[in-house]
Amino acid sequence: MIAKDTHYDAIVVGAGFGGIYMLKKLIDQGLRVKVLDAAGDVGGTWYCWDKEDLLEYHWDEHYIKQPQALAYLEHIVERHNLRQYMQFDTELTSAQYNEDTNAWEVSTSTNETFTCHYLVTALGLLSKRNFPAIHGLDKFKGEKYHTGGWPKTYDFKGKRVGIIGNGSTGVQVITQLGKEKQVAKLISFQRSPQYSVPSGDGPVSPTYRSQINENYESIWSQVRNSAVGFGFEESTVPCMSVTPAERQAKFQEAWDKGNGFRFMFWTFNDLTMDPAANDEACNFIKSKIKETVKDQEKARKLLPNEYYARRPLCDAGYYQVFNQDFVDVVALKEEPIVRMTENGIETTKGHYDLDVLIFATGFDAVDGNYTRVAVKGRNSESLSEHWATVGPESYMGVSVANFPNLFMITGPNGPFSNIPPAIEIHVEFIADTIALAEKNHQHQTQPQPNNEKGSIVEATLEAERGWTDLCNEYSKDSLFRKSPSWIFGANVPGKKYSSLFFFGGLKDYREKLQKMVDGGYVGYKPF
Ligand code: NA7
């Protein structure tokens with residue numbers, strides 16, 4: 001017998017962007033819902049489904065910084081009175097599907113157990129921190145921070161700061177600390193130099209804001225019907241089809257407007273597919289690095305030597321900060337780290353004394369959050385076991401075969417795009433699917449033999465494998481496959497190199513999802 005006060009129609013794990021929207025959708029559908037989150041309060045990135053609020057909510061700059069993003073989330077939670085459904089400081093430790101009761105049994109770090117009919121994970125793609133495998137990592141006696149757990153306040157005044165990692169996060173941290181001019185020394189311990197373009201950040205003018213407010217519908221429609229979902233039209237022009245002068249002009253225009261995704265996808269349509277086109281983009285950015293960084297030795301170290309085919313970076317003056325004497329770069333491929341010491345980092349060429357060490361070393365992305373907790377489906381098979389041979393896979397980034405009534409918001413092989421629009425598409429699909437499952441179940445005069453204990457929404461293994469094959473097919477010619485980044489799981493030692501995203505773009509993804517629904521949930525067992 002299931003105790004009433006610990007049983008929910010749905011439990012949503014994670015109170016970030018996806019979890020909050022999922023909660024709102026499901027309570028509006030009349031379900032009894034609980035949200036669990038390991039953190040002490042709501043978190044995530046930002047919001048767009050509340051159009052009325054969007055028209056009035058104030059923001060200063062084009063890129064929302066962490067405090068504003070958090071304030072906005074808190075505001076939305078208050079505005080919709082959602083906090084009452086949330087339980088914080090409560091980490092999901094295990095979830096087991098019970099075939100007899102058709103319920104998920106959820107255990108938490110607070111030693112509580114709950115049951116639910118539907119389990120929705122809104123764990124985020126990028127939250128399980130990745131630490132480098134460096135000898136003596138724990139030896140360092142100074143201050144240590146991972147950017148995924150950045151302190152609310154910090155005081156690095158007069159300190160020698162080392163930072164490992166120069167992806168999206170490292171580039172931002174280096175730029176910010178370089179501009180603040182508080183530290184005595186800032187050293188980037190850089191393994192792979194990256195291509196970064198200006199972000200184009202700046203104040204939001206009243207004219208810009210009113211244009212946005214007047215065009216919300218068309219802006220969102222364009223976003224949802226684009227490939228990467230960043231609010232610009234992706235180019236349809238091959239890079240080598242124009243003259244060198246036209247090419248240069250287009251790159252320059254993108255450079256002046258700012259934003260990494262714009263540079264990669266708005267300029268030409270084949271930078272991530274055609275090596276010759278890619279080379280043109282590389283050369284353009286490299287020329288900017290050489291032009292910006294005055295010290296020849298620093299410039300040499302900062303020049304990338306791989307394809308421009310990772311998550312495109314942008315910055316607010318990254319290369320410029322290296323023109324200050326207190327900012328330096330150590331090329332780890334020329335002098336690898338030997339070990340961490342009590343006072344800093346020892347490389348093959350010497351010792352660097354540090355007071356603060358920052359790890360901007362990224363995340364065990366996409367599936368990392370799922371494999372660290374025991375989520376077990378039919379026959380007690382865990383997700384880690386399910387994914388052991390083929391790699392992390394799912395049906396359309398949402399469902400996993402043998403894991404009935406489990407829904408993942410942005411699970412493995414979801415669309416590679418701006419994340420908030422992808423989250424919205426998933427949340428809306430999950431909410432509609434649950435509504436349909438509930439309706440079908442209530443209206444069945446003759447319940448199906450397999451679901452007299454409530455609806456069962458479950459993808460088939462065949463559909464899941466088919467989707468994985470499609471994802472591999474879509475990415476097979478992408479230069480992203482040739483770059484060792486988190487997008488294919490290449491950043492975590494020992495992690496299987498596999499497709500983690502659907503590369504067909506948001507529009508194509510949405511069309512496939514709709515076609516699947518219109519065809520009567522093709523790839524799902526009847527529900
Ligand atoms: P990323 O993009 O995964 O970057 C991690 C960085 O850390 C990258 O520069 C790595 O170098 C470096 N790294 C990782 N391990 C090591 C070791 N062992 N030694 C030296 N350097 C290392 O993480 P971010 O947090 O910047 O960004 C993740 C996503 O979050 C981002 O794409 C956005 O979408 C938001 P490498 O390049 O592997 O040589």
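All ligand and atom numbering here is 1-based and tracks the order in the structure.
- In terms of modelled atom types and a separation under 3.5 Å, the side chain of E335 and the main chain of T347 share no donor-acceptor contact.
- Close contacts between ligand 1 and T169 involve ligand atoms 24 (P), 25 (O), 26 (O), 27 (O) [criterion: under 4.0 Å to a heavy atom].
- Within the 4.0 Å heavy-atom criterion, neither part of F189 lies near ligand 1.
- For atom 3 (O) of ligand 1, the nearest non-hydrogen atom of the protein is W486 CD1, 3.4 Å.
- Checked for salt-bridge contact, D367 and K495 meet the test: a charged N lies under 4.0 Å from a carboxylate O.
- Within ligand 1, counting atoms from 1 as listed, the ones closer than 4.0 Å to a heavy atom of G165 are 6 (C), 7 (O), 9 (O), 12 (C).
- The residue from T361, D364, V492 that puts a heavy atom closest to atom 13 (N) of ligand 1 is T361.
- Regarding atom 23 (O) of ligand 1, its nearest protein heavy-atom neighbour is G362 CA, 3.2 Å.
- Heavy-atom contacts of I164 reach the following atoms of ligand 1: 20 (C), 21 (N) (cutoff under 4.0 Å).
- Scanning the protein for heavy atoms near atom 33 (C) of ligand 1, the closest one is R311 NE, 3.2 Å.
- Protein heavy atom closest to atom 10 (C) of ligand 1, with residue, atom name and distance, is R191 NH2, 4.3 Å.
- Note on ring orientation: taking the six-membered ring where Trp is involved, the planes of W255 and F284 are perpendicular (angle over 60°, cut-offs 30° and 60°).
- For atom 31 (C) of ligand 1, the closest heavy atom belonging to the protein is S168 OG, 3.2 Å.
- Among protein heavy atoms, atom 30 (O) of ligand 1 sits closest to L126 CD1, 3.4 Å.
- Of all atoms in ligand 1, listed by their number and element, those nearer than 4.0 Å to a heavy atom of S192 are 36 (P), 37 (O), 39 (O).
- Residue contact check for ligand 1: R310 places a non-hydrogen atom closer than 4.0 Å to it.
- A salt bridge links D201 to K65: at least one charged side-chain nitrogen sits closer than 4.0 Å to a carboxylate oxygen.
- Relative orientation of the F156 and Y145 rings is tilted, given thresholds of 30° and 60° on the angle between their planes.
- By the criterion of a heavy-atom distance under 4.0 Å, neither the backbone nor the side chain of A365 is placed next to ligand 1.
- Using the six-membered ring where Trp is involved, F230 and F261 have ring planes that are parallel, under 30° apart on the 30 and 60° scheme.
- Residue L332 places a heavy atom less than 4.0 Å from ligand 1.
- Nearest protein heavy-atom contact of atom 4 (O) of ligand 1 is G167 CA, 3.8 Å.
- Using cut-offs of 30° and 60° for the angle between ring planes, the Y57 and H75 rings count as tilted.
- Backbone and side-chain nitrogen or oxygen atoms of N130 are examined, and none is located within less than 3.5 angstrom of a nitrogen or oxygen of ligand 1.
- The nearest protein atom to atom 9 (O) of ligand 1, hydrogens excluded, is given as N166 N, 2.9 Å; this is a heavy-atom distance.
- Ion pair K250/E280 not flagged as a salt bridge, since none of the NZ, NE, NH1 or NH2 atoms sits closer than 4.0 Å to an Asp/Glu carboxylate oxygen.
- E334 has no carboxylate O lying under 4.0 Å from a charged side-chain N of K301, or vice versa, which leaves the two without a salt bridge.
- Note: F189 and Y352 have perpendicular aromatic rings, judged against thresholds of 30 and 60 degrees for the angle between ring planes.
- One finds no salt bridge joining E346 and K139 here, because no Lys/Arg side-chain nitrogen approaches an Asp/Glu carboxylate oxygen to under 4.0 Å.
- Using modelled atom types, one side-chain atom of T361 and one backbone atom of N130 make a donor-acceptor pair closer than 3.5 Å.
- When each atom of ligand 1 is checked for a heavy atom of A360 under 4.0 Å away, the hits are 5 (C), 6 (C), 7 (O).
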